[in-house]
Amino acid sequence: MRNHDVIVLGGGISGVCAALHLQARGMRVLLVDRAAPGDEASRANAGILARDGFSPVDWPATTGEMLARVMRPGGRIRVDLRSLPGALPFLRAAHVAVQTGAAARVGRAIAPLQAIAAGEHLALARAASALRFFRRTGWIKIYRHQTSYEASEQDRHFARIFGVSYTDLSAADLVRLEPHLVSFDHAGLYWPDTQSVSSPGGVTKAYARLFRERGGETEMGKAETLVAVRDGWSVRTSRGEAQGTRAVIALGAGAPGVLVRLGVGLPVATMRGYHRHFRAVSGVTLSRPITDIDNGYTLTPMERGLRLVGGHELIRPDRPARETALQRATAAARALMPVGAQVEDVPIPGVRLCMPDGLPVMGQVPALSGLWLALGNERSSFGLGAAMGRLLAETMTGERPFADPAPYSPTRFLSD
């Protein structure tokens, strides 16, 4: 049997970054996934390294709000009707998580991660010859209604507290930053410290290549085969059985199924988003991601063209994808700027994990010695991946961590 210090389950950005940081601390690491690193959810996002988003997600709490998200979600996250019964424990926990003081707790927990996230990514990108993917052009959010702009005050409030820059934009300011936008008389915010990438999947694959070049091993295998053994944890891969003294579950939306088999239940849900690329129109450019808050989509330049990301829905992973998921967003994007012909015939789905409090989960599972979690959430998996990987490695190896790991511990959901 092949032995390792740590088996990391999950070849997305969270797993690959965790593997790299553990490897850098002298551990023999095996990275296991059912597909090649970067082939699943890590490539199906907007590729944003955000310096905002300090507030909890506005999940529906009452029956009326839930039904509204089923019937007319607008720019908010849609709730799939058939998935609603299974999502109720998550929604109840989310409602509790956003009670008095929650915004301050979330803000204080997210701020130290965001403060180093870009620097950690750039350090890995430099070593992996992947700096070409990164751009420091900031992020624009547009608000078509005064009420949605006013709702952003909570994020702006915490940005001022944590020293994160932002600029209010008029319609004229928006067009000066992005000359090919159609002018409209609504508000905008510019977050200059936010960075983005032109290929999230490309970044993840470059990091995985760096991990292998440094002596790490990657194998295909099924996380469902993970079992506790006398000296640690064992998993079956394409090369046979492998064992590690410790195991890290960094499977994103695939984590709950594996954890339930191990007797661990988290009050989580899964969210599906969609993306589609559009060919560039001659002479038309976009320099940075733009999020249309009221229509619930992000338009961002990628290697394959302009990527439209939206159609987000709280849904069971086994529910069929909706070909119509991006119709409304596409119409709104075409009204915002000239958008060319679509590249894909149907939108590409990607499923992510949602935590009730909107924070990642990082730490050891109580009562299961040697089992650790490194799970992002719907807002932060890609952007915070490198920072969370460092925090995990520091915590596992007994180093003094750069941030207090307590806010991300699974013990906030689990008891001994």
Side-chain angles (χ1 to χ4, degrees), residues 42-53 75 118 121-122 125 129-144 149 165-206 273-311 326-345 347-348 350 382-383:
S42 287
R43 68 184 179 92
N45 59 74
I48 294 174
L49 285 65
R51 286 304 311 272
D52 85 318
H121 263 295
L122 291 172
S129 300
L131 286 175
R132 66 183 179 86
F133 294 112
F134 287 76
R135 55 189 174 226
R136 307 184 186 193
T137 52
W139 183 15
I140 292 174
K141 293 185 176 184
I142 60 174
Y143 301 85
R144 297 176 182 270
Y149 174 75
S165 299
Y166 70 89
T167 303
D168 284 286
L169 301 176
S170 66
D173 295 330
L174 284 165
V175 175
R176 276 195 291 270
L177 276 174
E178 294 290 352
H180 295 107
L181 294 185
V182 175
S183 180
F184 57 93
D185 189 23
H186 298 296
L189 286 174
Y190 176 49
W191 298 87
D193 297 335
T194 290
Q195 299 191 34
S196 58
V197 301
S198 60
S199 175
V203 170
T204 307
K205 288 179 179 296
Y274 299 82
H275 76 267
R276 171 182 265 155
H277 295 95
F278 295 85
R279 294 185 176 89
V281 174
S282 179
V284 174
T285 60
L286 185 67
S287 300
R288 53 184 61 79
I290 294 182
T291 297
D292 183 338
I293 296 296
D294 295 290
N295 285 306
Y297 71 87
T298 295
L299 193 64
T300 184
M302 290 281 180
E303 288 188 338
R304 297 194 63 195
L306 285 178
R307 176 178 289 190
L308 181 69
V309 183
L326 290 181
Q327 280 185 348
R328 184 174 181 271
T330 300
R334 290 191 184 280
L336 181 65
M337 68 175 292
V339 174
Q342 63 190 38
V343 174
E344 296 91 1
D345 291 333
I348 300 171
F382 184 84

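Heads up: numbering here begins at 1 and tracks the sequence. Note that the structure is a prediction, hence the values are computed from the model and not measured.
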Subject >> Side-chain donor or acceptor of R288 paired with backbone N/O of R136 under 3.5 Å >> reply: no
Original post:
Yes or no on side-chain contact (heavy atoms from CB on, under 4.5 Å) for L336 and N295, after CA distance, side-chain angles and deciding distance?
Top reply: CA-CA 11 Å; L336 181 65; N295 285 306; over 6 Å; no
**OP:** List the atom of S198, the atom of M302, and the distance in Å for their closest heavy-atom pair.
**Re:** O-SD, 3.0 Å
Original post:
Is a side-chain donor or acceptor of S129 paired with a backbone partner of A125 at a separation under 3.5 angstrom?
Top reply: no
**OP:** Taking the side chain as every heavy atom from C-beta outward, state whether L49 and T194 have any atom pair closer than 4.5 Å.
**Re:** no
Original post:
Taking C-beta and beyond as the side chain, do P347 and H275 meet within less than 4.5 Å on heavy atoms?
Top reply: no
Original post:
Checking D294 side chain against R144 main chain: does a donor-acceptor pair fall under 3.5 Å?
Top reply: yes
Original post:
Going by heavy atoms in the side chains, are Y143 and L189 under 4.5 Å from each other?
Top reply: yes
Subject >> Close side-chain approach of F134 to L122, heavy-atom, < 4.5 Å >> reply: yes
Original post:
From Q195 CD over to F133 CZ, what is the distance, rounded to the nearest 0.5 angstrom?
Top reply: 15.0 Å
Subject >> Donor-acceptor contact present, side-chain N45 to main-chain G47, <3.5 Å >> reply: yes
Original post:
Got a second to check how far Y190's OH is from T137's OG1, nearest 0.5 Å?
Top reply: 6.5 Å
Original post:
Do the ring centers of H121 and F382 come within less than 6.0 Å of each other?
Top reply: yes
**OP:** Answer yes or no: is there a side-chain heavy-atom contact under 4.5 Å between H180 and L286?
**Re:** no
Subject >> Non-hydrogen side-chain atoms of L181 and I290 separated by less than 4.5 Å >> reply: yes
Original post:
Any Lys/Arg nitrogen of E344 or R307 sitting under 4.0 Å from an Asp/Glu carboxylate oxygen of the other?
Top reply: no
Subject >> Sole residue of I140, L299, T300 in side-chain contact (heavy atoms from CB on, under 4.5 Å) with P289 >> reply: T300
**OP:** Calculate, to the nearest 0.5 Å, the distance between atoms CG and OH belonging to L308 and Y297 respectively.
**Re:** 7.0 Å
Subject >> Side-chain touch D193/W139, heavy atoms, less than 4.5 angstrom >> reply: no
Original post:
Would H277 and E303 count as a side-chain contact (heavy atoms from CB on, under 4.5 Å) if you check the C-alpha gap in whole Å, the side-chain angles of each, and the deciding distance to 0.1 Å?
Top reply: CA-CA 9 Å; H277 295 95; E303 288 188 338; over 6 Å; no
Original post:
For the side chain of E178 and the backbone of S287, is there at least one donor-acceptor N/O pair under 3.5 Å apart?
Top reply: yes
Subject >> Side-chain heavy atoms of I142 within contact of L174, under 4.5 Å >> reply: yes
Original post:
Do the charged groups of D292 and K141 touch, with an N to O distance under 4.0 Å?
Top reply: no
